[in-house]
Amino acid sequence: MESNALVDYVKSLDCIHCGLCLRTCPTYQLTGVESSSPRGRIYLMRAVAEGALDARDAQYREELDFCLVCRHCESVCPAGVRFGEMMETARAGAESVAPRGGLERFARWIGFSVVLPSRFWLSLSIGALRFAQRTGLLKLVANFAGARKAGLSSLAEAPPASERRLLPERTPARGAERGEVGVLEGCVMPELYGRVNRATVAVLADLGFASRTARGHVCCGALHAHNGELEGARELARGTIERFEALGDAPIVVNSAGCGAHMKAYGHLLEHDAAWKERAQRFSKRVVDFSEFVAANAPADWAPDASGSGMGKLAYDDPCHLCHGQQIRAQPRSLLERVRGAQRVEMNNAESCCGSAGIYSVLRPADSQAVFDAKARDFAACGADTLVTANPGCQMQWDAGLRRAGSKARVVHLAEVLAARVSQKS
Ligand code: SF4
Ligand code: SF4
């Protein structure tokens, strides 16, 4: 393969080496080493494209894996460098010339090609996880997992089977219907946080919107793309587009920041696929984050009531793929300001990564926890009782991290806070 095809050389030329991104990069904060910074990684990518560095180089691979793809560097970059897209291309390129070892490749194949795209295997896996957590088997296995032990211990608590259920195909509006929307159920969301999906459609119903799910749809391919599995990601993107096209042209509400950012970028993912490019662009325009949709459609006097819920002071932590990936910052905060019976407080460094980063917390638990530790300190300092997020990966990371630290604070999705008023009505 041409070295130029292993990275996105044209995009790498946008970098003007100003270094403004360094102080916000969580991996640079951990090491203080240039090659662990966005600018350093771009230098490495350029060196690969120019033939000065082999894409099989161990240090190069390590820096690609070490990156959380949090895209904080994009938010502060004056040159508009599209680092997330560059990283997806670079990871796929490195994988194509130097595939990982047999066991790791097999584990990735199981995860990306068997489990994530299949509701059957997802349900079975989460059911098995619950069994292992309840019986202590997971702790036993973790003892033999070496460096991955912390990653296994940080997995979210799998809920009982009664919680792990899909949404109905259509949830009607309450009272007069203002319109209909599609809702992304997600792959792990119904298995681990089904209550968040139920809160999402309850809020939409309260605002007068009927919700429809794309039956048979499982995964949007975000985790595949972030991990360099671009062909798998494209296949899943085509399936996602097809299934949601079958629902008409209504907006598609997404309550997972990582999935939403990825689905809004399908046009880029399929830009070299002539048959799908335009369909992908049309589809992406329909995608809207949950907070974006609610903020735009809630009447001025709509005020969720969390009295009696015990949520107390709420601190919102921006998921990277919402603030850096979709530039959505104000809407979740303005919605929390409307909540009666709770008080929003601001947390320092809310826009920095919590260390979840998709499956990063499982693959690199030590780095993930080091990144989280700084967040935990900021959360403790702001005096909040409840951490609010808008992404399942972050919810898992906060749940596990605060549990580990012995904190009694609650961790909830924005939809759960806003649904408090709805559940109190019913
Ligand atoms: S995506 Fe995040 S971790 Fe990666 S280089 Fe940018 S700021 Fe650093
Ligand atoms: S802020 Fe942007 S232009 Fe400046 S060094 Fe970082 S990536 Fe390059």
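Numbering of residues begins at 1 and proceeds along the displayed sequence. This structure is a prediction, so every number in the text was calculated from the model and none was measured. Counting starts at 1 for both ligands and their atoms, in listed order.
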Practice problem: Would you mind telling me if ligand 1 is within reach of the side chain of Phe83, the backbone, both or neither, using heavy atoms under 4.0 Å? | Solution: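 Side chain only.
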Quick one: which ligand 1 atoms are inside 4.0 Å of a heavy atom on [X]?
{"X": "Arg41", "answer": "4 (Fe), 5 (S), 8 (Fe)"}
{"X": "Arg71", "answer": "1 (S), 2 (Fe)"}
{"X": "Val69", "answer": "1 (S), 4 (Fe)"}
{"X": "Cys25", "answer": "3 (S), 5 (S), 7 (S), 8 (Fe)"}

Quiz prompt | Enclosure of Lys11 NZ (heavy-atom neighbours >12, cutoff 6.0 Å) | solution =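 Check passes, neighbour count above 12.
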Quiz item: For Arg105, does the CZ atom have more than 12 heavy-atom neighbours from other residues, nucleotides or ligands under 6.0 Å away?
Solution: yes
Self-check item: Verdict with reasoning, Asp317 to Lys375, per salt bridge (Lys or Arg N to Asp or Glu O under 4.0 Å)
Solution: CA-CA 9 Å; Asp317 184 49; Lys375 299 290 289 186; 2.7 Å; yes
Quiz item: For the atom pair SG (Cys259) and CG (Leu223), what is the distance rounded to the nearest 0.5 Å?
Solution: 7.0 Å
Self-check item: Qualifying residue for side-chain hydrogen bond (donor to acceptor under 3.5 Å, both in side chains) with Gln59, from Glu63, Glu62, Arg61
Solution: Glu63
Can you tell me the protein heavy atom closest to [atom] and the distance?
{"atom": "atom 4 (Fe) of ligand 1", "value": "Cys67 SG, 2.3 Å"}
{"atom": "atom 3 (S) of ligand 1", "value": "Leu68 N, 3.4 Å"}
{"atom": "atom 2 (Fe) of ligand 1", "value": "Cys70 SG, 2.3 Å"}

Quiz item: With no hydrogens and no angle check, is any side-chain donor or acceptor of Glu416 less than 3.5 Å from a backbone partner on Arg195?
Solution: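 Such a contact is absent between Glu416 side chain and Arg195 backbone.
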Quiz item: So, do Cys219 and His224 sit near enough that their side-chain heavy atoms are less than 4.5 Å apart?
Solution: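 Yes. Closest side-chain heavy atoms under 4.5 Å.
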Self-check item: Pair Glu88 + Arg82: basic N to acidic O under 4.0 Å
Solution: no
Quiz item: Tyr266 vs Phe283 aromatic rings, parallel, tilted or perpendicular, using cut-offs 30° and 60°?
Solution: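 Plane angle under 30°, so parallel.
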Quiz item: Cut-off 3.5 Å, side chains only: do Asp289 and Ser291 have a donor facing an acceptor?
Solution: yes
Quiz item: Judged by non-hydrogen atoms, does Pro78 sit under 4.0 Å from ligand 2?
Solution: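 Yes.
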Quiz item: For atom 8 (Fe) of ligand 2, which protein N/O/S atoms are closer than 2.8 Å?
Solution: Cys15 SG
